[in-house]
Amino acid sequence: MKEEAKRSAKQPGLPPGTLAFVGRKRTESVRIRVVDYGREVLETFDLEQVEDCSDLTRRHTNLWVHVSGLHRVGVVERLGHCFQIPPLILEDILNTGHRPKVELLDQGIFVLLKFFSMDPITAVMEVEQVCFVLTEEALVSFQESDRPIFEPVIKRLSNPRSRLRQSGPDYLLYCLMDLVVDHYFVVLEALGDRIEDLEEALFDEQWRELLDDIHRVRRQCLFMRRASLPLREAVSVLWREEGSLMKETTQPYLKDLYDHVLQALDILDNHREMGSALLEVYLSTQSNRMNEVMKVLTIIATIFIPVTFIAGVYGMNFEHMPELKWPWAYPAVWIVMIGVGVLMLFYFRKKKWL
Amino acid sequence: MKEEAKRSAKQPGLPPGTLAFVGRKRTESVRIRVVDYGREVLETFDLEQVEDCSDLTRRHTNLWVHVSGLHRVGVVERLGHCFQIPPLILEDILNTGHRPKVELLDQGIFVLLKFFSMDPITAVMEVEQVCFVLTEEALVSFQESDRPIFEPVIKRLSNPRSRLRQSGPDYLLYCLMDLVVDHYFVVLEALGDRIEDLEEALFDEQWRELLDDIHRVRRQCLFMRRASLPLREAVSVLWREEGSLMKETTQPYLKDLYDHVLQALDILDNHREMGSALLEVYLSTQSNRMNEVMKVLTIIATIFIPVTFIAGVYGMNFEHMPELKWPWAYPAVWIVMIGVGVLMLFYFRKKKWL
Amino acid sequence: MKEEAKRSAKQPGLPPGTLAFVGRKRTESVRIRVVDYGREVLETFDLEQVEDCSDLTRRHTNLWVHVSGLHRVGVVERLGHCFQIPPLILEDILNTGHRPKVELLDQGIFVLLKFFSMDPITAVMEVEQVCFVLTEEALVSFQESDRPIFEPVIKRLSNPRSRLRQSGPDYLLYCLMDLVVDHYFVVLEALGDRIEDLEEALFDEQWRELLDDIHRVRRQCLFMRRASLPLREAVSVLWREEGSLMKETTQPYLKDLYDHVLQALDILDNHREMGSALLEVYLSTQSNRMNEVMKVLTIIATIFIPVTFIAGVYGMNFEHMPELKWPWAYPAVWIVMIGVGVLMLFYFRKKKWL
Amino acid sequence: MKEEAKRSAKQPGLPPGTLAFVGRKRTESVRIRVVDYGREVLETFDLEQVEDCSDLTRRHTNLWVHVSGLHRVGVVERLGHCFQIPPLILEDILNTGHRPKVELLDQGIFVLLKFFSMDPITAVMEVEQVCFVLTEEALVSFQESDRPIFEPVIKRLSNPRSRLRQSGPDYLLYCLMDLVVDHYFVVLEALGDRIEDLEEALFDEQWRELLDDIHRVRRQCLFMRRASLPLREAVSVLWREEGSLMKETTQPYLKDLYDHVLQALDILDNHREMGSALLEVYLSTQSNRMNEVMKVLTIIATIFIPVTFIAGVYGMNFEHMPELKWPWAYPAVWIVMIGVGVLMLFYFRKKKWL
Amino acid sequence: MKEEAKRSAKQPGLPPGTLAFVGRKRTESVRIRVVDYGREVLETFDLEQVEDCSDLTRRHTNLWVHVSGLHRVGVVERLGHCFQIPPLILEDILNTGHRPKVELLDQGIFVLLKFFSMDPITAVMEVEQVCFVLTEEALVSFQESDRPIFEPVIKRLSNPRSRLRQSGPDYLLYCLMDLVVDHYFVVLEALGDRIEDLEEALFDEQWRELLDDIHRVRRQCLFMRRASLPLREAVSVLWREEGSLMKETTQPYLKDLYDHVLQALDILDNHREMGSALLEVYLSTQSNRMNEVMKVLTIIATIFIPVTFIAGVYGMNFEHMPELKWPWAYPAVWIVMIGVGVLMLFYFRKKKWL
Ligand SMILES: [Mg+2]
Ligand SMILES: [Mg+2]
Ligand SMILES: [Mg+2]
Ligand SMILES: [Mg+2]
Ligand SMILES: [Mg+2]
Ligand SMILES: [Mg+2]
Ligand SMILES: [Mg+2]
Ligand SMILES: [Mg+2]
Ligand SMILES: [Mg+2]
Ligand SMILES: [Mg+2]
Ligand SMILES: [Mg+2]
Ligand SMILES: [Mg+2]
Ligand SMILES: [Mg+2]
Ligand SMILES: [Mg+2]
Ligand SMILES: [Mg+2]
Ligand SMILES: [Mg+2]
Ligand SMILES: [Mg+2]
Ligand SMILES: [Mg+2]
Ligand SMILES: [Mg+2]
Ligand SMILES: [Mg+2]
Ligand SMILES: [Mg+2]
Ligand SMILES: [Mg+2]
Ligand SMILES: [Mg+2]
Ligand SMILES: [Mg+2]
Ligand SMILES: [Mg+2]
Ligand SMILES: [Mg+2]
Ligand SMILES: [Mg+2]
Ligand SMILES: [Mg+2]
Ligand SMILES: [Mg+2]
Ligand SMILES: [Mg+2]
Ligand SMILES: [Mg+2]
């Protein structure tokens with residue numbers, strides 16, 4: 001499955017916290033975008049030198065540091081140092097095959113999610129890993145590629161009266177997670193449309209290549225489920241977390257997010273069952289067609305084989321075959337042959353094959 | 001599946017609480033019906049201007065405000081404002097693909113349900129989302145279409161000695177939910193009848209088009225299950241809620257409602273297993289038929305192919321074929337051919353093919 | 001399924017507690033049998049007028065009131081009034097499609113069970129709903145038909161030294177429930193025998209009509225499971241109930257009953273898996289047979305089609321066919337044809353088709 | 001299934017505690033063996049008269065009373081009386097179809113297990129029920145047959161320095177249970193070998209009779225699972241029981257026993273999945289073979305049917321068929337026929353059928 | 001399955017704690033390697049005489065004793081004596097078919113794991129059992145074979161600044177367990193590649209031998225799952241253990257290990273579902289091919305059988321067949337025969353068989 005970020009298992013036996021990028025490179029350059037925002041201010045700039053990250057922590061407003069591209073391990077390591085992210089967490093950020101989770105750190109919250117998208121034309125599912133580390137005053141986010149997936153939130157931030165600007169980084173974290181989960185519904189809808197198309201194709205008898213497509217949709221559902229199931233627990237951990245990091249005003253939003261995850265899992269389960277049903281129906285349909293084919297063969301064969309035999313009999317060259325000389329023998333044989341054919345047809349009609 | 005209110009996923013990245021109608025328009029006009037009732041009084045009127053809704057809250061008796069039609073977002077927003085419904089709840093009301101739930105608000109209870117009905121002739125399942133917001137003195141209900149689904153309760157309200165008139169809006173909420181769940185049994189019965197018809201058709205050998213129908217019934221069960229499973233938890237939340245909103249006298253009724261939901265889920269599980277069994281039996285039946293067809297072909301072919309060969313042999317034109325001149329050769333060949341045929345028939349009988 | 005008491009769903013929207021018989025009429029007359037018993041006394045009579053039921057409650061000994069036939073709603077309503085049974089409970093009693101349950105009332109216990117029996121000859125499963133309301137001094141029982149299913153307990157009551165006569169109505173309730181569950185084992189044994197017969201028939205190649213039978217047994221297991229699964233929870237509620245109604249001396253018996261329910265569910269699960277396995281084996285068997293049939297056809301056809309072709313060649317009427325004039329051509333052709341046949345047979349032997 | 005102790009359901013309606021043997025008779029005589037043991041003493045004798053059992057309880061050392069054969073109800077009843085075993089427990093002992101359980105009595109512990117063995121040659125699984133009642137000073141055990149299944153423990157008892165002689169009857173109970181569970185692994189290994197043999201046979205194309213064998217192994221797994229699953233809970237009850245009956249020193253052994261039960265269930269689950277996979281592979285294999293057969297038929301038929309037609313054409317007797325007179329017509333026809341055949345072969349090669 | 005360490009069930013009835021090696025011999029000699037390490041020191045040597053093990057416990061630094069080869073029971077017994085390992089634990093160490101577990105001992109922790117590896121060329125899965133006993137100052141480890149699986153950790157130990165050297169044996173235990181689990185991902189990746197190869201082969205129509213391979217991969221997944229599922233609980237026991245043996249600083253690493261086990265189980269579940277899907281698709285593919293084959297046969301047969309019949313008719317030798325003498329009869333028959341063929345072709349096109 002091209003769509004899955006292939007986990008090429010790390011070499012066994014390395015010390016824990018050994019940083020190594022596990023995945024495929026999704027962008028050329030690594031970019032660190034910094035958004036410094038508050039009720040009154042909004043400043044956005046790119047951090048050219050990762051070594052300068054320690055300067056950032058001295059700022060007084062809310063800070064969002066977003067990293068696109070993970071293949072330069074040094075960058076992640078340095079940032080981890082600036083924001084005091086433990087090495088085991090950094091290891092997880094770089095392991096792009098990790099399962100979704102929320103982990104409560106000593107002085108922060110770590111969130112790992114999968115971002116899904118689907119090419120509407122090729123129906124190829126793309127997935128990339130997205131991680132967040134929330135501290136008291138900053139949110140650090142990591143993304144595999146440089147696709148502008150968080151653009152809508154950046155746009156909302158530019159509005160000084162938006163709730164985002166009135167709130168801390170915990171609400172920003174919620175907004176970004178919500179954005180990720182919102183995309184699930186877009187992908188799920190595409191999958192649902194695909195299943196419906198396959199269904200129609202099945203019953204409309206346009207059935208070539210269908211098996212491959214059904215198999216593919218089932219795989220995509222399976223894959224998406226693997227990324228969504230741990231999310232339920234992860235979001236509920238976040239929602240029930242009553243520390244000082246997730247403010248009480250953000251709790252109802254997390255509950256809403258939790259609702260959405262349940263909804264997505266519901267739809268996914270439905271899709272999976274529909275996928276299984278599709279395959280079963282496909283098998284039944286094929287059985288149907290084979291029956292059809294066999295019946296045509298049987299009807300033709302059982303009508304003509306006996307009469308061909310009769311013709312064969314009177315093609316024999318024996319000297320003493322009295323029938324050959326009878327004047328009405330030829331038409332009589334025709335009548336017998338037609339009679340046999342008609343009898344057969346009646347038999348098939350009775351069997352409801354015709 | 002035409003029956004499912006198609007969720008066209010909202011654009012990702014919108015701020016939480018952004019109101020947008022997600023679904024298909026089911027009625028032209030949006031109608032707001034107000035029922036103001038108490039032990040002594042009953043007043044029913046339509047609220048022409050949604051802006052007047054703030055007047056309603058000043059009345060002293062029990063209030064039921066029912067909205068049919070959700071596609072005018074402004075109406076819902078304004079009502080939400082009058083009755084202090086939080087924006088996240090309004091968002092759920094407008095999202096017609098939401099899964100059923102009960103949510104305890106600060107000053108109210110929110111209930112989201114699916115109303116099912118089935119066209120008895122076309123066997124098309126209709127679903128629409130129904131929401132309730134219960135506050136101390138009022139019940140606000142929302143419905144996608146303008147079908148008069150709550151008519152029986154309105155009729156019961158007109159009876160001054162009915163329990164409805166003696167009780168508050170919590171009992172009204174129960175009655176409306178009970179009405180919704182009662183309809184489940186009507187639909188389940190229709191589905192059950194359908195499954196039994198399919199079963200009979202399967203064994204009565206009237207088997208064309210059956211596959212499509214079986215698949216459809218299984219989908220409908222799957223779809224209904226998705227709407228019913230969360231209901232169990234939702235109703236049990238309501239039943240165990242011991243705040244001041246759901247009065248103690250209403251508790252036994254909620255327990256009864258819970259019982260009905262369990263019963264519906266039981267029947268649904270049964271229907272689903274019967275549906276799976278149907279498909280399996282269908283496959284077996286087809287295998288049976290194919291066997292039948294193959295046997296007829298094989299019997300005819302294996303009887304006539306050898307004797308046709310014999311006829312072919314004596315149709316050869318060799319100059320030196322002594323048998324051709326023997327006087328009894330022709331009847332002897334007939335005897336051989338009939339003998340071969342009879343032997344074959346015995347063989348088939350022994351194999352129990354005949 | 002004729003066997004299932006068909007629930008014809010009630011009209012939606014009726015007030016809760018509206019009494020209506022839901023099911024099919026199983027007896028002409030409704031009979032109310034009263035057994036008044038104690039250590040010293042035993043009096044049995046029929047209550048002709050249901051209005052007299054209030055007199056019953058004034059008696060001082062243990063009272064058992066048994067109603068056979070539920071289609072006269074007035075009778076049940078009146079009895080409910082005499083023994084202070086809440087309307088919601090009466091509604092459940094009359095709804096013969098209700099799932100089994102135990103409900104602890106304010107001043108009593110309500111038990112709803114399914115009684116199963118199986119006609120040994122036609123293998124038709126019969127089910128009827130049996131309800132009990134236990135109060136401090138009386139047990140009221142309801143049964144759909146007038147079959148004397150509780151006769152063994154009545155006989156045991158006639159023995160003055162039986163434990164039944166020494167104990168209160170709670171022990172009587174246990175005995176009647178035990179009787180109902182004991183019948184489950186009789187039905188389960190019949191189902192098990194049926195499955196074994198089908199199994200033998202499958203492997204003994206007596207395979208016509210089998211599919212219908214397998215499907216039927218699976219349905220019966222499914223149906224019985226639906227009635228047994230809620231029983232587990234119901235009986236455990238009763239067993240752990242430590243109020244004054246179920247005396248402590250009756251607890252070990254309820255534990256034993258609970259054991260029996262578990263045992264029945266065990267057997268049922270086994271039966272269901274065996275039923276599924278039967279269908280799978282049936283499909284395999286059919287596949288086997290088809291293979292058999294196809295092989296016979298293929299062997300006959302592949303032997304005779306080539307030699308028939310050879311015969312056809314020398315049946316051509318070309319003027320210049322030198323072989324026709326060779327003196328040994330005819331036996332040579334025979335040798336070739338037999339050779340082809342023998343080669344084919346060797347080929348089939350190598351393929352292990354023979 | 002001959003292997004299953006057939007439960008012929010008791011007559012419904014008997015009073016609880018009515019003793020009746022339910023099963024088949026496995027031994028002629030009923031034998032009561034008494035082992036009286038302690039650190040210093042070991043006395044073994046048969047109790048000829050069950051009435052003398054009350055004498056046993058007066059002895060001062062540890063007592064093990066073992067009953068082989070359950071069909072004489074009077075013997076069990078009398079023993080039950082001597083050792084104060086409640087009637088409901090005696091009923092369970094005699095019901096050889098009971099599910100495994102551990103029950104904590106007022107003054108004892110009751111354990112019910114299934115003992116499995118498998119005939120290595122016929123692969124017939126034998127099961128018998130084994131029960132234990134542990135009291136402060138004695139262990140009473142019951143076994144259906146008179147097979148010497150507990151011989152190894154008796155041998156160990158004869159060693160004065162064994163832990164058995166140093167410990168009380170609770171450790172003896174553990175040892176006997178461990179012996180029973182140890183036998184599970186022997187049977188499971190035999191089942192595993194059987195599954196592997198079937199697997200090999202499947203892929204080695206020795207496939208007749210296989211279906212019956214696969215079905216049988218799956219049944220045996222199913223049956224064994226039914227007896228093992230309740231064991232998990234039963235042993236864990238025993239293990240966590242902290243009364244005075246199971247001494248603290250025996251706890252680690254019970255934990256070890258629990259481990260073994262988990263292990264057996266693990267293996268069983270594996271066996272069951274392998275059994276299901278076998279059937280699926282069997283079906284696939286058959287499908288493969290059918291394909292093979294069909295291809296041979298199709299290749300032969302599609303090569304010879306067209307050329308036979310050509311031969312037929314020139315076997316027609318029309319007066320005006322110019323080809324018949326051409327001198328090179330006959331070899332030309334041969335060339336055409338061979339050409340058709342070769343073309344067909346190329347077509348099949350392209351389709352990868354050859 | 002060669003891959004599974006075959007458990008040849010021990011003889012039933014042996015006393016608990018009886019030591020016996022259960023498995024196959026994996027190495028000739030048994031080797032005991034001792035690593036004595038601390039912040040400053042690192043000493044590595046082989047213990048030639050197991051009897052000297054009591055000397056080891058007198059050393060003051062951290063001790064790691066590693067045993068490769070389990071078939072010499074005496075060695076294990078003696079070591080168990082030196083390090084006070086209870087006999088029941090020693091029994092588990094020698095039982096190479098034991099399920100993974102963690103057991104908290106009075107003065108230590110016992111860990112039992114499966115080490116997996118896969119030969120990249122033959123795709124044979126190798127498993128061996130690995131056990132650890134952790135005490136306050138020492139870690140004793142046991143391995144079936146003498147493969148140098150723990151080499152990476154030994155190498156890390158040689159670095160004086162590594163965390164391993166700074167920490168106690170609890171961290172060493174973690175590192176060794178982590179090494180074992182890291183290998184799971186290598187094997188899982190190999191399995192995943194294998195499944196993808198099979199998938200491609202399925203759709204690329206290179207389908208011989210596939211069934212055997214699919215079955216094998218499914219077995220391997222099943223087998224690996226059996227070894228991984230208990231690991232989840234085992235590692236979580238260790239992680240939550242708050243005694244003095246597992247130091248608090250090691251807890252985050254155990255949490256990370258737990259994460260990895262969850263991840264491995266996730267992947268395994270996915271693999272298993274993909275394996276099932278493969279078999280289903282394989283069956284469908286075969287059905288497809290059979291259809292293909294049948295259609296070719298049917299098309300050829302239904303075109304030629306009727307026209308061969310016509311040829312047969314005019315091959316009859318009746319004296320009075322007027323057609324034979326008509327001058328245009330021969331071409332007319334050709335036209336009829338071609339017409340029949342063309343009609344058939346149109347019919348097949350209409351049926352979409354061509
Ligand atoms: Mg590692
Ligand atoms: Mg990690
Ligand atoms: Mg994942
Ligand atoms: Mg959202
Ligand atoms: Mg995947
Ligand atoms: Mg929401
Ligand atoms: Mg499936
Ligand atoms: Mg389905
Ligand atoms: Mg959003
Ligand atoms: Mg829903
Ligand atoms: Mg209702
Ligand atoms: Mg749906
Ligand atoms: Mg009710
Ligand atoms: Mg089923
Ligand atoms: Mg109602
Ligand atoms: Mg029911
Ligand atoms: Mg009973
Ligand atoms: Mg049913
Ligand atoms: Mg019992
Ligand atoms: Mg099965
Ligand atoms: Mg009884
Ligand atoms: Mg059992
Ligand atoms: Mg053992
Ligand atoms: Mg069984
Ligand atoms: Mg052990
Ligand atoms: Mg299956
Ligand atoms: Mg499997
Ligand atoms: Mg043992
Ligand atoms: Mg690791
Ligand atoms: Mg294992
Ligand atoms: Mg799948």
Side-chain angles (χ1 to χ4, degrees), chain D residues 150-153 155-156 162-164 174-175 178-180 182-183 185-186 188-189 196 199 203 252-253 255-256 259 262-263 266-267 269-270 273-274 277 280-281 283-285 287-288 290-291 294-295 297-298 301-302 305-306 308-309 311-313 315-322 351-353, chain E residues 1 7-16 86 88 91-92 97-99 101 103 205 211-212 214-215 218-219 222-223 226 229-230 279 282-283 286-287 289-290 292-294 296-297 300-301 304-305 307-308 310-317 321 323-330 333-334 337:
Chain D
F150 291 148
E151 215 50 53
V153 172
K155 207 179 273 169
R156 273 156 63 195
S162 67
R163 177 183 277 271
L164 266 169
Y174 155 71
C175 286
D178 178 56
L179 181 62
V180 169
D182 280 359
H183 272 278
F185 290 97
V186 178
L188 283 172
E189 198 177 303
E196 271 176 51
E199 215 156 36
F203 287 107
Y253 296 101
K255 170 74 177 68
D256 190 64
D259 255 26
L262 287 189
Q263 175 90 351
D266 256 24
I267 296 174
D269 271 4
N270 198 58
E273 288 217 39
M274 288 311 303
E280 285 169 18
V281 170
L283 267 174
S284 310
T285 306
S287 228
N288 258 341
M290 184 104 72
N291 238 324
M294 287 308 306
K295 269 193 210 156
L297 176 60
T298 302
T302 50
I305 284 177
T308 301
F309 162 68
V313 166
M316 292 194 295
N317 298 322
F318 289 110
E319 284 189 357
H320 302 282
M321 288 177 67
K351 289 226 156 197
K352 293 196 186 142
W353 293 4
Chain E
M1 201 182 189
R7 186 190 201 285
S8 53
K10 247 165 129 173
Q11 196 193 329
L14 292 177
L88 285 176
E91 199 185 351
D92 290 352
H98 206 287
R99 70 197 302 259
K101 69 166 175 177
E103 202 164 327
E205 323 248 326
L211 186 58
D212 202 351
I214 295 175
H215 183 61
R218 289 177 77 202
R219 279 193 68 165
L222 202 56
F223 182 58
R226 189 148 72 95
L229 211 52
L279 195 75
Y282 178 79
L283 267 173
Q286 267 183 310
S287 229
R289 284 173 211 283
M290 184 104 71
E292 230 13 31
V293 172
M294 288 308 306
V296 168
L297 176 60
I300 296 286
F304 283 101
I305 284 177
V307 295
T308 301
I310 294 170
V313 164
Y314 294 105
M316 292 195 295
N317 298 321
M321 288 177 68
E323 297 100 315
L324 294 182
K325 277 144 200 163
W326 295 347
W328 301 109
Y330 179 56
V333 159
W334 264 119
M337 293 191 300

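Just the heavy atoms: all of them, side chains too, but no hydrogens, waters or symmetry mates, feed the values below.
- Ring orientation note: the planes of E/Trp334 and D/Phe309 are nearly perpendicular, at an angle over 60° on the 30°/60° scale.
- Nearest heavy-atom pair across D/Asp266 and E/Pro230 is OD2-CG, 4.3 Å.
- Considering only heavy-atom pairs separated by less than 4.5 Å from chain E, the leading option among D/Lys255, D/His320, D/Lys351 is D/His320.
- In this structure, the portion of E/Met316 lying under 4.5 Å from any heavy atom of chain D is its backbone and not its side chain.
- Note: D/Met274 CE to D/Ile267 CD1 = 14.0 Å, rounded to the nearest 0.5 Å.
- Considering only heavy atoms from C-beta on, E/Pro16 comes within 4.5 Å of E/Leu88 through its side chain.
- In this structure D/Leu164 satisfies the side-chain contact (heavy atoms from CB on, under 4.5 Å) test together with D/Val153, D/Arg156, D/Leu157, D/Ser162, D/Tyr171, D/Leu172, D/Cys175, sequence neighbours excluded.
- For D/Leu262, the parts sitting under 4.5 Å from any heavy atom of chain E are the backbone and the side chain alike.
- Interface remark: D/Lys155 contributes no atoms to any contact with chain E (heavy atom separation under 4.5 Å).
- Put simply, of E/Glu323, E/Met290, E/Met321, the one with the most heavy-atom pairs under 4.5 Å next to chain D is E/Met290.
- Within the 3.5 Å criterion, the main-chain N or O of E/Gly97 finds a donor-acceptor partner in the side chain of D/Gln263.
- D/Asn317 pairs by the side-chain hydrogen bond (donor to acceptor under 3.5 Å, both in side chains) definition with C/Asn317, E/Asn317, not counting sequence neighbours.
- Within the 4.5 angstrom heavy-atom criterion, only side-chain atoms of E/Val333, from C-beta onward, approach chain D.
- Heavy-atom pairs under 4.5 Å with chain D peak, among E/Leu324, E/Val296, E/Ile305, at E/Leu324.
- Heavy-atom distances place no part of E/Trp328 under 4.5 Å from chain D, backbone and side chain included.
- Highest contact tally toward chain D, considering only E/Ile214, E/Leu229, E/Leu283, is held by E/Leu283 [criterion: heavy-atom pairs under 4.5 Å].
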